[in-house]
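Note: hydrogens, waters and symmetry copies are ignored here, and every other heavy atom, side chains too, is used.
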Amino acid sequence: MLFSLLAHNNIETYFLNNSKQEWIRQANLVASQIVENSNYLQQGEEYLSFMSKISNIGSELSINARVIVIDKFGYVVADSSRIDINSTLVSNQVINALNKHDSAERIFKDGEHIMSTAVAIRDLKDTNNILGVVLLSTNIDDVYTLLQEISTQIYLLSLFTIVLTGLLSFFISTFFTKPIQELMFSVEKVTGGLMDEKILIKGRSEMAQLAKAFNSMTDKLKRIDETRQEFVSNVSHELKTPLASIKVLSDSLINDKNAPIEMYQEFFQDINHEVDRLNTIINDLLSLVKLDSNRVHLNLEETNLNPLVNSILKRLAPLAKQKEISLIYESQKDIKIEADPLKLTLAISNLVENGIKYTPPKGKVNITIKDDTLNAFIIVKDTGIGIAKVELPKIFERFYRTDKTRNRETGGTGLGLSITYRTVIMHKGSIKVESEEGVGSKFIIQLPLKQN
């Protein structure tokens, strides 16, 4: 509608400007004929001939107009309609024409649109000498009638365009909002706990990509939920096993009142061992929960990896000596990084300790430290039992054991690698593993030299 209004105004302006130019041209022709064919305005002679000429000019014009001639004093000396003869007609338009400013103006009078044109009558011998003014008045209702017809067509076209645009908008919005509604419906289902909800992917549009992302999200949520349930189950199982052992041992002591003192000592040692195991599991769980919730903050400081690894090997040397395992440390130079030394010590200790535990007697555990321009690398390689390829993607999951029996015999909780993984990630690093059953495993920790 705004476009229609602007179009109407522009068309009206165009018609009026053209009409004004044409009327000024016609008025100048009349002025020229007056000075060429009559001396009345110059000398005041031949008035009847002058009046006759004005009447003829009015009838000879190609457009119907009233011709009024006003002398330089403002008196009407001729009027083709003979209405205002011998009267005074002084207006801004007449005064402007006497001052050599020709003009054409649209006037709305008595319900009619009038075009009033005033031009100066100039002396042929001296164009600066103004003899009077020619005033042409004509009805231009026909212009506005045509303009109204054009405007009506424009308004009808605009109305048709509005209706058509509204219908197209409705169908297009329905086309686009339907997939969104389906997505919202699926989101509500997932919010209600239905993790199996999926959206049918059609085409390659943005909505199809959104549907693909939604399906991927539900898959991840489902895996997280399954992991959570498995985690709860594993925690229950891990805590239940030592508690069951404690229960059996304590019941045996209670029911066997004649048990020798040696049995009491042995059973209490076993109970103490199970309590230590419970305490280890609980501490590891608390550490892992803190790491997952990001409630643990890194106390970053410049850390020399060489003395840090040496202290770890010194502490684990007795465990390696019991199994006659060689701990081999390799480093070409001192390497310093920005890290939390306590948490990093725990992460590396888990890898070295696992290497010792799962390497047969007289085997080897190699610890290598090296760097490049951006990163430090800590490599722990053993000659142990190795890990099957199908197990490698799962070894950093909580409580995951490739050999549950062997892990329990060695006292592991199944949380060490998870803690190592989370600690490395917190340091903006990465950890990779290469392994082959019966040959050994190789863990590669990559850590940035500087924390950004």
### Message
Out of the candidates Thr368, Asn306, Asn310, Asn366, only one should pair with Tyr329 under the side-chain hydrogen bond (donor to acceptor under 3.5 Å, both in side chains) rule; please name it.
### Response
Asn306

### Query
Do Glu149 and Gln153 have side-chain N/O donor and acceptor atoms under 3.5 Å apart?
no

### Message
Walk me through whether Ile70 and Leu98 qualify under side chain to side chain contact (heavy atoms under 4.5 Å, CB included).
### Response
CA-CA 10 Å; Ile70 305 168; Leu98 290 172; over 6 Å; no

#### Entry: Residue from Leu344, Thr345, Leu346, Asp340 passing side chain to side chain contact (heavy atoms under 4.5 Å, CB included) with Leu342
Asp340

#### Entry: Ile107 versus Ser116, closest heavy-atom pair with distance
CD1-CB, 3.7 Å

### Message
Within a 6.0 Å radius of atom CG on Asp334, are there more than 12 heavy atoms belonging to other residues, nucleotides or ligands?
### Response
yes

### Message
Check this for me: Phe377, atom CZ, are more than 12 non-hydrogen atoms of other residues, nucleotides or ligands nearer than 6.0 Å?
### Response
yes

### Message
Please check: side-chain N/O of Asp382 versus main-chain N/O of Ser441, any donor-acceptor pairing under 3.5 Å?
### Response
yes

#### Entry: Non-hydrogen atoms of Val133 and Val94 that approach each other most closely
CG2-O, 3.9 Å

#### Entry: Donor-acceptor pair, side chain of Ser137 and main chain of Arg66, under 3.5 angstrom
no

### Task
Starting at CZ of Phe443, measure out to NZ of Lys381 and round the result to the nearest 0.5 Å.
13.5 Å

### Message
On a heavy-atom basis, which atom in Lys442 and which in Ile379 lie closest, and how many Å separate them?
### Response
CE-CG2, 3.7 Å

### Query
So how far is it from Leu305 CG to Lys336 NZ, rounded to the nearest 0.5 Å?
11.0 Å

### Query
Roughly how far, to the nearest 0.5 Å, is the CG atom of Leu313 from the CG atom of Leu308?
10.0 Å

### Exam field: side chain Asp71 to backbone Phe73, donor-acceptor pair closer than 3.5 Å
yes

### Task
State whether the number of non-hydrogen atoms from other residues, nucleotides or ligands found under 6.0 Å of Glu330 atom CD is greater than 12.
yes

### Task
Flag the pair Leu351 / Ile445 as yes when at least one side-chain heavy-atom distance between them is below 4.5 Å, and no otherwise.
yes

### Task
List the steps, then state whether side chain to side chain contact (heavy atoms under 4.5 Å, CB included) holds for Leu417 with Asn350.
CA-CA 7 Å; Leu417 287 180; Asn350 285 334; 5.7 Å; no

### Query
With a cut-off of 6.0 Å (strictly less than), are more than 12 heavy atoms of other residues, nucleotides or ligands near NZ of Lys20?
yes

### Query
Are any non-hydrogen side-chain atoms of Lys72 and Ile130 less than 4.5 angstrom apart?
no

### Message
Name the residue from Val30, Ile34, Thr138 that meets the side chain to side chain contact (heavy atoms under 4.5 Å, CB included) definition with Val67.
### Response
Val30

### Inter-residue atom distance Ile24.CD1 - Gln21.CD, 0.5 Å rounding
7.5 Å

### Task
Quick one: closest heavy-atom pair of Ala31 and Ile121, and the distance?
CB-CG1, 4.0 Å

### Message
Could you go through Asn128 and Asp123, starting from their C-alpha distance and side-chain angles, then the distance that decides it, and tell me whether this counts as side chain to side chain contact (heavy atoms under 4.5 Å, CB included)?
### Response
CA-CA 7 Å; Asn128 289 321; Asp123 192 341; over 6 Å; no

### Task
Quick one: closest heavy-atom pair of Ala339 and Thr303, and the distance?
O-OG1, 3.4 Å

### Message
Tell me whether Phe160 at atom CZ has more than 12 heavy atoms from other residues, nucleotides or ligands lying less than 6.0 Å away.
### Response
no

### Message
Can a side-chain donor-acceptor contact be found between Ser349 and Arg315 if the only test is distance below 3.5 angstrom?
### Response
yes

### Message
Run the side chain to side chain contact (heavy atoms under 4.5 Å, CB included) test on Gln332 and Lys370 for me, step by step, so that the C-alpha distance in whole Å, both residues' side-chain angles and the decisive distance to 0.1 Å come before the verdict.
### Response
CA-CA 7 Å; Gln332 300 296 327; Lys370 58 183 181 179; over 6 Å; no

### Task
Would you check if there is a donor-acceptor pair between the side chains of Asn96 and Ser103 at a distance under 3.5 Å?
no

#### Entry: Identified side chain to side chain contact (heavy atoms under 4.5 Å, CB included) counterpart of Leu135 within the set Leu89, Val69, Thr117
Leu89

### Query
When rounded to the nearest 0.5 angstrom, what is the spacing between CD1 in Ile444 and CD1 in Ile431?
9.5 Å

### Minimum heavy-atom distance Lys450-Glu338, with the two atoms named
CD-OE2, 3.6 Å

### Task
Measure the OG1-CG distance between Thr152 and Leu159 for me, rounded to the nearest 0.5 Å.
12.0 Å

### Task
Ignoring hydrogens and angles, tell me if any N or O in the side chain of Ser435 forms a donor-acceptor pair with the backbone of Gly440 under 3.5 Å.
yes

